[in-house]
Structures are given as structure tokens and as C-alpha cells.
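Computation of the quantities below employed the complete heavy-atom set of this structure, encompassing side-chain atoms and omitting hydrogens, waters and symmetry-equivalent molecules. Here the structure is a predicted model, which is why all the values come from computation and not from measurement.
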Amino acid sequence: MRPYDAFLLVSFGGPEAEDEVIPFLENVTRGRGIPRERLAEVGEHYFLFNGVSPINGQCRDLIAEIRADFSADGVDLPVYWGNRFWAPMLTDTVRQMAQDGVRRVVALATSAYSNYSSHRAYLNDIAAAREAVGPDAPEIELIRPFFDHPGFVEPLVEHTRQALDRLPADKRAGARLLFSAHSIPTAMADASGGPGQGYGPGGAYVAQLEEVARLVAERVGGGHPYEVVYQSRSGPPSQPWLEPDVNDRLEELAKEGAEAVVVVPHGFVSDHMEVKFDLDHEARETAGKLGIAFERALSPGTHPRFVRMVRELVQERAEGAEPVGLSDLPGCPEGADDCCLQKR
């Protein structure tokens with residue numbers, strides 16, 4: 001397929017052994033002045049799973065499915081994989097591509113939304129990796145945020161229905177849907193849309209999360225009350241972050257008489273550590289203490305529709321086709337230097 005000669009999956013990375021946990025967290029937090037004792041505290045989340053983050057295994061599974069789908073549909077592109085914070089490191093992968101003679105790459109980040117952490121940071125890290133490799137580094141073009149693509153929304157719909165079906169039959173009809181995403185500082189969220197795009201507080205990030213929640217809830221049917229909640233806050237108490245926290249909202253729902261919830265991790269592509277710990281462990285425990293029936297929907301993962309979406313996005317980029325989406329929200333302007341700023 002032209003004009004590209006390789007596909008690159010860019011992900012976050014994660015440790016795969018207990019002795020890798022702290023070095024991995026040091027990579028993630030480098031330059032932020034976070035004390036080692038705080039890293040050890042966060043590391044306990046990983047030690048509950050023997051130091052193994054699910055994300056690398058999930059990337060391997062996704063890559064295997066992408067390769068099979070590319071082959072079946074005649075997309076003749078080798079597939080590479082590079083992480084931002086743990087092996088295989090992005091710079092090493094870019095260097096390998098250069099050695100393999102790759103000159104132009106289409107890349108997909110394992111993040112669907114517009115904000116600094118999930119879009120601009122990937123662009124910055126790609127630029128840094130290319131600079132480190134030098135003049136032989138291939139050109140790398142990152143596919144747009146794909147939050148409203150049918151290939152992202154439809155798996156969430158199917159997985160939400162499956163989670164509802166797992167609830168006790170007598171509590172299913174009244175179940176509430178909590179769509180959960182990673183909290184970020186409100187200043188970062190406000191800056192996520194770029195100037196002139198007409199977003200209110202929370203910028204593009206919050207607007208996109210709310211839109212995907214609507215798209216999924218409407219397609220699930222049943223008239224379930226739904227809302228967006230947040231998880232995985234990691235900043236100091238003095239800094240405002242997006243709220244409500246999923247555990248705080250569960251406390252409020254219990255007081256309101258809610259008997260059942262399905263938590264939908266619509267802010268994530270795969271069931272990585274923050275889904276496993278913050279939702280499957282902490283939020284489930286909170287719901288249990290409150291007497292609320294709790295189920296968690298799967299993320300898109302390797303759902304066939306999600307895998308097919310990857311190919312469709314590659315073809316869309318290669319052919320210059322009109323972006324496919326289920327909403328009217330604007331995407332990131334092509335080549336814009338001011339989209340997804342870290343702060344205003």
C-alpha cells in the first residue's frame with residue numbers, strides 16, 4: 001500500500017516482572033520530581049499482579065490480529081511496535097525501521113481521544129525518537145484520534161450489553177451506566193481542543209468522552225441512566241482534576257438508592273493496569289461494600305470490529321478519504337501545532 005511502507009503501533013508500555021516495576025515508573029515520571037516512596041506506593045498496584053502489566057501482552061495480541069487482518073485484506077505493510085516508557089522502546093523501534101530501509105510510516109496510538117497525554121505526547125515522543133535516530137529515521141504520521149469511529153464505539157456497545165446481561169435479572173433494568181475515563185488536570189482538559197474550536201470547559205477531551213457515552217448508551221438501549229466518571233487521578237490535592245471519581249460517585253449512587261451499575265471503560269482501548277486495578281479491584285470493592293451489584297464491560301481490546309477499524313484508518317489516511325465518525329465533533333486539525341496543548 002502506498003504511500004506508506006510500514007505500520008507502527010505506539011503504546012504506553014508496562015513492566016513484565018517485579019524488578020521492572022520501579023524502573024518503569026521512573027521512566028513514566030521522569031522530570032516530575034515524584035519521590036521514590038510515592039513510586040513504591042503506585043508499584044503496589046503492579047505487585048498485586050506479580051509485577052506484570054497486561055498492556056504489553058494485549059499489544060502483542062492486537063498486533064497478531066492486525067497482521068492477520070492486513071494479510072486477509074491485501075494490505076502489504078510490515079507491522080512494528082514501539083512503547084513510550086518500556087520495552088520495546090519507541091526509539092529502538094524507529095532505529096530498527098531505519099535499518100530495515102523503511103522510509104514512511106503510518107502510526108496508531110493506543111489512545112482514542114484528544115488531550116496532551118493521549119495525543120500530543122505521542123506526537124512529541126515520535127519526534128524525539130526520530131531526532132535520536134538521526135537523518136535516516138523514517139517519516140512517521142500519526143493517525144487521528146478515533147473516539148467516534150464505529151470500530152471503537154460498536155465493540156463498547158456489545159461489551160456493555162454483555163455486562164448488563166451478567167447482572168442479576170431483577171436488577172438489570174434499573175442498572176446505571178458509568179462511563180469511566182482517565183482523569184487529567186482540568187487545565188490540560190481545557191487546553192485539549194485548541195483555540196477556535198468552540199469547546200467549553202473540559203475542552204475536546206470532555207466533549208468527546210461525553211459524546212461516546214451518549215453514542216454507546218443510545219445504542220445499548222433500555223433507557224439506562226448514564227454519566228461520565230473519572231479514575232486514576234495521580235496529581236497533588238491542590239491541583240484541580242476532572243471529577244467525579246468513580247468511587248465517590250458510587251458512594252453517592254448508593255445514597256440515591258442505586259442497586260446496580262455497569263462500569264464501561266470507554267476512555268481506554270484495552271484492559272490494562274488502570275482498568276484492572278482501579279475498576280476491577282478498587283471500584284468493585286467499593287460497590288461491594290455499598291451493596292451495589294457491579295459489572296465491568298470489556299474495553300475494545302481485540303474485538304474484530306476494532307481490529308478492522310485499524311485497517312480502515314490506515315486506508316483512510318493513505319487514500320486521503322473523509323474521516324469516518326458517528327459524531328459532529330471536530331477532530332484535531334491536520335498538522336496543527338496548537339492542538340492538545342499541555343496547558344494554556
Side-chain angles (χ1 to χ4, degrees), residues 9-63 81-90 92 109-111 117-118 121-122 125 163 178 180-185 229-237 239 241-242 245-251 261 263-290 292 294-302:
L9 184 72
V10 188
S11 195
F12 196 84
E16 297 190 87
E18 290 192 353
D19 61 356
E20 296 179 356
V21 171
I22 299 301
F24 161 72
L25 293 173
E26 288 173 339
N27 284 350
V28 174
T29 61
R30 183 164 287 118
R32 291 163 56 184
I34 296 178
R36 190 175 179 84
E37 54 268 26
R38 172 57 181 157
L39 297 185
E41 180 182 334
V42 175
E44 292 299 323
H45 301 179
Y46 292 88
F47 296 138
L48 284 174
F49 300 89
N50 299 315
V52 180
S53 167
I55 194 168
N56 275 3
Q58 290 164 3
C59 282
R60 293 186 187 99
D61 292 343
L62 179 59
I63 286 169
W81 169 33
N83 289 327
R84 296 176 59 205
F85 296 113
W86 203 248
M89 296 295 289
L90 181 58
D92 295 335
T110 55
S111 186
S117 296
S118 61
Y122 282 85
D125 285 353
L178 299 183
S180 189
H182 202 301
S183 184
I184 61 175
V229 296
Y230 296 93
Q231 63 177 87
S232 312
R233 174 181 173 143
S234 60
Q239 185 179 37
W241 282 54
L242 294 175
D245 175 78
V246 59
N247 294 284
D248 293 341
R249 187 62 184 130
L250 285 169
E251 296 272 2
V261 299
V263 177
V264 185
H266 76 317
F268 305 94
V269 165
S270 66
D271 292 352
H272 54 60
M273 182 58 71
E274 286 170 324
V275 174
K276 293 290 189 183
F277 183 82
D278 295 341
L279 298 182
D280 292 352
H281 180 70
E282 281 196 332
R284 184 180 296 275
E285 185 177 80
T286 297
K289 290 178 179 177
L290 296 168
I292 297 176
F294 178 99
E295 288 293 339
R296 196 265 296 171
L298 296 174
S299 60
T302 56

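Distance CD1/I184 to CZ/R233: 12.0 Å, rounded to 0.5 Å. Between the OG1 atom of T29 and the CZ atom of R36 there is a distance of 10.0 Å, given to the nearest 0.5 Å. If you take NE2 on H272 and NZ on K276, they are separated by 11.5 Å, rounding to the nearest 0.5 Å. Rounded to the nearest 0.5 angstrom, H281 NE2 and R284 CZ are separated by 11.5 Å. How far CD of Q58 is from CD1 of I55: 7.0 Å, rounded to the nearest 0.5 Å. Taken from OG in S232 to CH2 in W241, the straight-line distance is 9.0 Å, to the nearest 0.5 Å.
Within a 6.0 Å sphere centred on CZ of R60, other residues, nucleotides and ligands contribute more than 12 heavy atoms.
A heavy-atom distance below 4.5 Å is not found between the side chains of W86 and V28. The side-chain heavy atoms of V264 and L178, taken from C-beta on, include no pair separated by under 4.5 Å. A 4.5 Å side-chain heavy-atom check between L279 and P265 finds at least one atom pair inside the cut-off. At a threshold of 4.5 Å between non-hydrogen side-chain atoms, the residues P54 and F49 do not count as touching. Using a 4.5 Å heavy-atom cutoff, the side chains of V261 and L250 are in contact.
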Stepwise side-chain contact (heavy atoms from CB on, under 4.5 Å) test for R296 and L298: CA-CA 7 Å; R296 196 265 296 171; L298 296 174; 4.1 Å; yes
side-chain contact (heavy atoms from CB on, under 4.5 Å) assessment of W81 paired with V10: CA-CA 6 Å; W81 169 33; V10 188; over 6 Å; no
Candidate pair T110 and L9, rule side-chain contact (heavy atoms from CB on, under 4.5 Å), full reasoning: CA-CA 7 Å; T110 55; L9 184 72; 3.8 Å; yes
Intermediate values then yes/no, side-chain contact (heavy atoms from CB on, under 4.5 Å), Y230 and S180: CA-CA 5 Å; Y230 296 93; S180 189; over 6 Å; no
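Aromatic ring centroids of F85 and F12 lie under 6.0 Å apart.
Distance alone, capped at 3.5 Å, is enough to place a donor-acceptor pair between the N56 side chain and the A87 backbone.
For the residue pair H182 and Q231, no side-chain donor N or O sits within less than 3.5 Å of a side-chain acceptor on the partner. Side chains of N247 and D278: no donor on one and acceptor on the other come within 3.5 Å. In summary, the side chains of D271 and S299 do present a donor paired with an acceptor at a separation below 3.5 Å, with no hydrogens or angles considered.
Scanning both residues, Y122 and S111, for their nearest heavy atoms gives CE1-CB, 4.4 Å. When all heavy atoms of S11 and C59 are compared, the pair lying nearest together is OG-SG, 3.4 Å. Scanning all heavy atoms of the two residues, the minimum distance from F24 to P15 falls at CD2-CD, 3.4 Å. Of all heavy-atom pairs between R84 and A121, the closest is NH2-CB, 3.3 Å.
Relative orientation of the F277 and H45 rings is parallel, given thresholds of 30° and 60° on the angle between their planes.
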